[in-house]
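Structure record follows, encoded as structure tokens.
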Amino acid sequence: MYCKNCGKEIDNNLVQCPYCNTPVIQNHINIEDSGSIWWGVLGCCVPIVGLVLYIVWKDTKPKCGKKAGIGAIIGFVLGILITIIIYLFVFYVFAVIGEMGGMY
């Protein structure tokens, strides 16, 4: 954390700045970090959203950010696997149609 008066870096637990003796106001905000599985589901369904949530929440809400990040990774991997399977299926169908056309 930085002192608002002199701008020097100070420890988060100090009551006053050791450089200029200005009182430090602690901003303790209660942030709920439940780590709900639904963030992972959202990240899996829309991987780019999961990646953005991970980047935004990795410091402030680490449990939720981790779930969204893992969901994003799973979503990307599943997307790649499904794409490969579709290409293989289409290749197979065209190969079968080509063999059938050559038989006549």
### Query
What are the two closest heavy atoms between Cys64 and Ser34, and how far apart are they?
SG-N, 3.9 Å
### Taking every non-hydrogen atom, the tightest pair across Ala72 and Pro47
CB-O, 3.3 Å
Between atom [atom1] of [X] and atom [atom2] of [Y], what is the distance when rounded to the nearest 0.5 Å?
X: Cys17; Y: Asp11; atom1: SG; atom2: CG; result: 11.5 Å
X: Leu53; Y: Lys67; atom1: CG; atom2: NZ; result: 14.5 Å
X: Asn5; Y: Asn21; atom1: CG; atom2: CG; result: 10.0 Å
X: Leu42; Y: Ile37; atom1: CG; atom2: CD1; result: 12.0 Å
X: Thr83; Y: Leu78; atom1: OG1; atom2: CG; result: 10.5 Å
X: Leu81; Y: Ile86; atom1: CG; atom2: CD1; result: 11.0 Å

Cluster overlap [X] with [Y], hydrophobic side-chain contacts below 4.5 Å:
X: Tyr54; Y: Trp38; answer: no
X: Ile70; Y: Ile73; answer: no
X: Val41; Y: Trp39; answer: no
X: Ile74; Y: Leu51; answer: no
X: Phe76; Y: Ile55; answer: no

### Message
Between Tyr19 and Ile10, does the side-chain contact (heavy atoms from CB on, under 4.5 Å) criterion hold? Intermediate values first, please.
### Response
CA-CA 9 Å; Tyr19 303 104; Ile10 57 175; 4.0 Å; yes
